[in-house]
Each structure stands twice: as C-alpha cells, then as structure tokens.
Amino acid sequence: MSITDPTPPERADFIREIVAADLQSGKHEGVVTRFPPEPNGYLHIGHPKSIALNFGIANEFGGRCHLRFDDTNPIKEEQEYIDSIQADIRWLGFDWGEHLYYASDYFEQLYEWAVNLIRAGKAYVDDLSADEIREHRGTFTEPGKNSPWRDRPLEESLDLFERMRKGEFPDGARVLRAKIDMASPNINLRDPALYRILHAEHPRTGDRWCIYPMYDFAHGQSDAIEGITHSICTLEFEDHRPLYDWLIENLPVPSHPRQIEFARLNITYTVLSKRFLRRLVNEGHVRGWDDPRMPTISGLRRRGFPAEGIRDFVAMIGVGKADSIVEVAMLEHAVRDVLNRTALRRFAVLRPLKLVIENYPEELTEEMDAVNNPEDASAGSRKLPFTRELWIERDDFMEDPPKKFFRLAPGREVRLRYAYFVTCREVVKDAAGEIVELRCTYDPATRGGDSPDGRRPKATLHWISAEHATPAEVRLYDHLFGRPDPGADGDLFDDLNPASEEVLNGCLVEPALAEVPVGETVQFERLGYFCPDADSAPGQLVFNRTLTLRDTWAKVQAQGTHAV
RNA sequence: UGGGGCGUGGCCAAGUGGUAAGGCAACGGGUUUUGGUCCCGUGAUCCCAGGUUCGAAUCCUGGCGCCCCAGCCA
C-alpha cells in the first residue's frame with residue numbers, strides 16, 4: 001500500500017488535481033488524508049461526501065486515510081458517538097486499518113507547544129472574561145483593541161498557564177491566546193483563544209485535564225503529527241486557513257500539511273445539522289438517531305438504503321466549491337439503481353381485498369414458479385402457493401374506473417402474476433357499502449400467466465394465497481419535511497411532514513418474507529423496496545418501506561386531481 | 001459594512017482561449033407477465049455590462065447576486 005500512482009483519475013475534481021500535482025512535482029512522496037469527526041452526534045448523509053473523498057483519494061493514490069476523532073470539547077462529546085461513528089464508516093465500506101487516532105492523544109504534545117509559543121512571545125494568558133474579550137474583538141469594520149494582559153511578562157503567562165492546567169482556576173477565569181494582530185481584517189487572527197478552562201470529564205482522558213485546546217490549536221497540529229499531506233475540510237474553515245498556517249509555521253511541528261476546502265452537501269427536504277437532529281431525537285419527534293426518517297447513516301441503514309447506493313450518490317454529485325443543494329431525487333435514484341439490480345422480488349399485499357375464484361377447486365393448491373430477480377438470473381426462482389381464495393391490493397380494483405385505470409374492475413380480465421388470468425364477475429359489499437370481496441373466474445389455459453390465444457391483459461397484479469399469507473406490520477416512510485427547503489421561512493419544526501410515517505397493520509406477505517434477515521432490502525413487487533425492521537420478532541414481522549418504485553400511475557392520478 | 005469564497009439548463013456538474021460533456025428531474029415514444037427495469041427522443045450561449053482577440057464560459061475592467069466569519073463550538 002505504499003506504491004504511489006501520481007496519475008489522477010479521469011475527470012478529477014479540483015482536490016484530486018491538487019493532490020496529483022503535488023505528487024508529480026515531488027512535493028510529497030505519498031498522500032495521507034484523514035476524516036476528522038467530532039464525536040458529538042451521529043454521522044449523517046453529509047458525511048459520506050467527506051469520507052469518500054478522503055478515503056477515496058488515499059486509495060486512488062496509494063496512500064492512507066486516518067480516522068481521527070476531534071475530541072477537544074468534552075462538554076459535547078460522548079463514547080456512544082465514538083462507537084456509532086466507527087460502525088457507520090465501516091458499514092459504508094471504508095477502512096482506516098491501524099490508523100485510528102484521537103486529538104486527545106496529543107494533549108500533552110499540544111500543551112508543550114503552547115508553552116513554546118508563550119516562550120516565543122507569541123501567546124499569552126488573558127484574564128479578561130468572555131464578554132470582555134468579545135468587546136475587545138472589534139467588529140467587521142472596526143479593528144479590535146489589545147487586551148491589557150497582552151504584554152504581561154512571559155514568565156507570568158507561563159506560570160498562569162501551568163496553574164490553569166493544575167486546576168487552580170474556575171471555568172472561564174482565563175484563557176490562553178495567540179498574539180497575532182487585533183487589527184487584522186480576518187477576525188480569526190485577532191488573538192484567537194488557544195486553550196480554555198473546562199472542568200469536565202472527557203470520554204477518553206477522564207479528569208486528567210481541565211484545560212482543553214480549541215479546534216484551531218488542535219486540528220492543524222494533529223494533522224502535522226500524523227503526517228497528513230492534504231487536510232480536506234469544508235468551506236466555513238477557509239477563513240481559518242491563515243491561522244492554521246500561522247500555527248504550523250510558528251511551532252516545531254514535524255510536517256506541513258495543506259488545508260483544502262470544499263462545499264458541504266445540502267439536500268432538499270432534509271436538514272443536516274447535528275444540533276437540530278439532536279433535538280428531533282431528544283424531543284421525541286422520531287424514534288431515535290436511527291429512525292428510518294432520519295438523514296443519519298444509521299437511519300438510512302435501518303430504512304434499507306444500501307451502502308453502495310450512498311457511495312454511488314456521493315460519487316454522482318461531485319466535489320466543488322460552489323454552495324449547492326442537491327435534490328433528494330438523486331439520492332433516491334442511486335438507491336433504486338442498486339436495489340433494482342440486487343433486491344429479491346417478493347409479493348406482499350399492504351391493504352388486502354379478498355378475491356375468490358369461483359371456478360377454482362376448493363382443495364387445490366398449486367405451486368407457481370416465480371422469478372426472484374429479473375435483473376439477475378443467478379438469483380433463481382421460488383414457488384408461490386396458489387389457491388382458490390386470494391388477497392389482492394385494494395388499490396388494484398375500482399368499481400367505477402376512470403379512463404386511464406387499467407387494473408381490475410367489474411367484468412375486466414387481468415393477469416395474476418405467475419398464475420392465471422382472472423375476470424371479475426361480482427363485487428360483494430357489506431351493510432355499510434364497503435367492498436369486502438371480489439368473485440372472479442379464472443382461465444385454466446393461462447397457467448403461468450400466458451394465454452395460448454395471445455390475449456394480453458392491460459394489467460398484471462400481485463397476490464397472496466389467503467391460506468398461506470403471513471401477517472405483517474409495514475411502516476411507510478416519506479420525507480421528514482413537507483417542503484424542499486425546510487425552515488426557509490420560519491421554524492424548522494413547523495415544516496415537519498406529519499405523514500412522514502404511516503404504520504399499516506394487517507398487511508399480508510408471502511411466506512418467504514419471514515426469512516429475510518435484518519439488513520437486507522427486498523422489493524415488494526409493484527410497491528417498492530422494503531426491509532425488515534429490528535423491531536421484527538418471530539411471528540411479528542415488521543417491514544420498513546425504503547422507497548416506492550417509480551410510479552407513473554400515481555403521477556397520472558395526481559395530475560388528474562390537479563387538473564380539476 | 002471589513003475579510004474570505006462562489007455564480008454554466010429546474011437540480012448537481014464537466015469545461016483551464018477554438019466555437020457548451022454527463023447524471024438527476026421533467027416531458028414525449030418503444031419494449032415489458034412489476035403502470036418497475038431497459039431503450040430512443042426533447043432543453044443552455046455560460047449572473048450582467050464593457051474590453052482584449054480572427055475567435056472567450058474560459059483573459060482584463062466594472063457592476064450585480066448568493067454563502068461564510070464578530071463561540072472561551074467544531
């Protein structure tokens with residue numbers, strides 16, 4: 001894994017071009033990247049863009065990619081997040097090998113470097129309060145003012161910093177600041193805070209420390225320690241690059257990484273803000289971080305999205321510096337694309353309607369051959385039991401059908417997939433006028449679904465033998481938000497889609513569906529992709545709808561509604 | 001408002017001075033035992049205005065628009 005190929009892949013993005021150029025010019029002999037999550041929440045669909053970029057570049061150029069937790073703020077970070085993040089990255093299909101690191105591994109080194117900086121007269125301990133520091137910072141148009149402590153003797157700062165570490169001061173009492181330029185037009189250079197006092201339990205270092213480095217003082221140096229060549233981050237850190245470089249240049253670090261920024265991912269109908277996602281979970285709007293409606297990796301996994309679809313999606317959207325909002329349809333397309341190729345086809349009836357074939361023998365059960373996946377011959381076939389009493393989808397029958405409806409209707413003949421042609425002879429209703437049963441006849445000559453005389457029904461329906469049907473609960477999911485730009489004109493919570501989850505009980509599925517393992521997504525023919533939920537138990541099947549199939553009939557219906 | 005970025009069809013996105021790739025979506029049509037899949041077809045003069053050039057989305061100048069920064073968050 002040490003051979004370096006300086007050839008960029010075809011049509012590389014601007015970051016890959018930079019990497020390739022650095023390799024070709026000999027600036028670097030190999031490439032080392034890193035994915036640096038803060039363990040303060042679960043990974044969401046925005047992260048794979050960065051993960052695939054960092055791990056992808058490392059792979060393509062024969063380098064390596066580290067997983068490094070940016071754990072410098074113990075108040076927000078938890079072990080649960082550290083664990084879930086690793087599980088999610090692995091599930092996505094990426095491997096950091098032996099290269100698992102934590103910024104907290106470098107706390108001692110970072111502390112030493114801070115001392116170096118003080119000795120060099122480039123950092124000082126400030127006694128100002130947070131409010132006072134803000135007041136001294138100035139504004140976008142006015143320069144800041146120097147802190148009265150800015151020029152205190154080095155020895156005094158050294159002593160104070162050491163006592164900060166020893167725990168002699170309460171939170172917020174003092175802070176270590178870089179001495180750069182309070183008049184800089186870049187606010188990040190107006191003597192940024194480097195260390196703050198936080199008497200908090202850290203998930204990794206426990207109570208060994210009560211001062212913690214700020215992001216700016218930890219990230220670049222961690223990169224340098226690990227020999228990262230290209231430190232890829234999102235656009236909002238562009239303003240921090242001068243500070244990143246200043247620290248690298250003013251500290252005796254072992255290497256000089258280069259920070260490169262790209263635009264983070266945004267998707268329609270979804271919100272990717274850890275703060276907001278945490279609220280959804282904590283305030284009970286969803287079942288948890290892994291709720292199938294959540295844009296988290298664990299939510300998408302539970303929803304049945306394959307990792308390959310997510311990888312294809314991020315490859316499809318590209319990498320650039322222009323802010324953009326990708327349509328969810330693209331994600332859904334990527335997912336359907338892999339599922340169409342790989343998902344087993346099964347029969348399931350969500351809203352059952354009884355269909356009785358009057359001229360079919362009472363005691364007979366036939367075994368019909370059904371293809372498991374028309375896109376993959378190696379998936380083989382299965383037997384479907386067929387009997388006189390069946391269940392079909394309520395939506396597949398209309399007593400008084402409109403012009404474009406070509407499923408079952410009184411007097412109409414349709415094909416029952418893999419079985420026979422049936423014709424509706426009678427509609428049975430209950431006292432309330434509800435349709436409760438369809439009486440039909442079948443044509444024995446059409447066994448398997450083809451007629452010897454070349455008759456071709458306009459529709460093919462899926463069905464379940466009543467005698468063999470297995471009950472199941474099915475949870476239908478839709479976008480978490482009811483509009484493409486949630487929160488655009490007000491509170492995000494006002495835009496939550498009240499119909500994002502619909503639980504259906506009394507669904508009936510074919511016997512083979514009891515065997516699908518959690519983690520596998522199958523296609524319920526003509527309905528969509530579904531996967532067993534972890535809530536399933538023997539005899540208590542629960543399925544989540546991953547996505548519907550593309551549905552041109554639904555589109556026709558919607559147009560009809562809107563036309564009037 | 002000072003600084004930093006960005007601006008190519010509805011949405012992503014190639015293009016790096018030689019006459020606008022591709023994908024998604026939408027809309028037509030064909031195939032089809034999933035109204036699925038698959039196949040075919042349909043759309044831009046590149047934020048605007050000047051300029052340089054035989055020739056500019058690509059270079060120059062000036063505008064306009066959008067995003068980010070005033071945490072002891074990352």
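Note that these values count all heavy atoms, side chains included, but never hydrogens, waters or copies made by symmetry. Reminder, nothing fancy here: chain letters follow the sequence lines and each chain counts from 1.
When the side-chain nitrogen and oxygen atoms of A:Arg345 are compared with OP1 and OP2 of B:U37, none of them lie within a distance under 4.0 Å. Contact annotation: A:Arg456 reaches the phosphate of B:U32 (side-chain N/O to OP1 or OP2, under 4.0 Å). At B:U34, none of the side-chain N or O atoms of A:His462 fall inside 4.0 Å of OP1 or OP2 (strictly under the cut-off). The side chain of A:Arg134 contributes an N or O atom lying less than 4.0 Å from OP1 or OP2 of B:G71. OP1 and OP2 of B:C72 both lie 4.0 Å or more from every side-chain N or O belonging to A:Arg174.
Within the nucleic acid shown, A:Pro457 has no heavy atom closer than 4.0 Å to any nucleic acid atom. A:Asn73 comes within 4.0 angstrom of sugar-phosphate atoms only, judged by non-hydrogen atoms across all strands, and of no base. Across all strands shown, A:Asp126 has no heavy atoms under 4.0 Å from either base or sugar-phosphate atoms. Contact annotation for A:Leu128: base contact, defined as any heavy-atom pair under 4.0 Å involving a base atom. The residue A:Phe405 sits close to a base: some heavy atom pair falls under 4.0 Å. Nucleic acid contact class of A:Lys404 (heavy atoms, under 4.0 Å, all strands): base. Residue A:Val319 is classed as a sugar-phosphate contact, given heavy-atom separations below 4.0 Å to backbone atoms only. The residue A:Thr139 sits close to a base: some heavy atom pair falls under 4.0 Å. Residue contacts for A:Gln523: at a heavy-atom cut-off of 4.0 Å it reaches a base atom on one of the strands shown. Across all strands shown, A:Ile325 has heavy atoms under 4.0 Å from sugar-phosphate atoms exclusively, and none from any base.
Between the side chain of A:Asn186 and the base of B:G4 there is no donor-acceptor pair of N/O atoms closer than 3.5 Å. A:His240 contributes a side-chain N or O that forms a donor-acceptor pair with the base of B:A74 under 3.5 Å. Side-chain atoms of A:Glu327 come within donor-acceptor range of the base of B:G10, with a qualifying N/O pair under 3.5 Å. For B:G36, the base has a donor-acceptor partner in the side chain of A:Glu375 [N/O atoms by modelled type, under 3.5 angstrom].
The distance between atom CD of A:Glu525 and atom P of B:G36, rounded to the nearest whole Å, is 13 Å.
In this structure, A:Phe140 counts as stacked on the base of B:G2 under the 5.5 Å centre distance and 30° plane angle limits.
For the 3.5 Å distance criterion, the side chains of A:Ser231 and A:Arg34 qualify, holding a donor opposite an acceptor.
Annotation: of the two residues near RNA chain B, A:Thr268 and A:Tyr529, the 5′-most nearest-nucleotide partner is A:Thr268.
If you check B:A25, B:C68, B:C73 against the side chain of A:Arg196, the one that comes closest is B:C73.
Remark: aromatic rings of A:His202 and A:Phe107 are close, center separation under 6.0 Å.
With A:Tyr111 as the aromatic partner, A:Arg165 meets the cation-pi criteria of under 6.0 angstrom to the ring centre and within 45 degrees of the ring axis.
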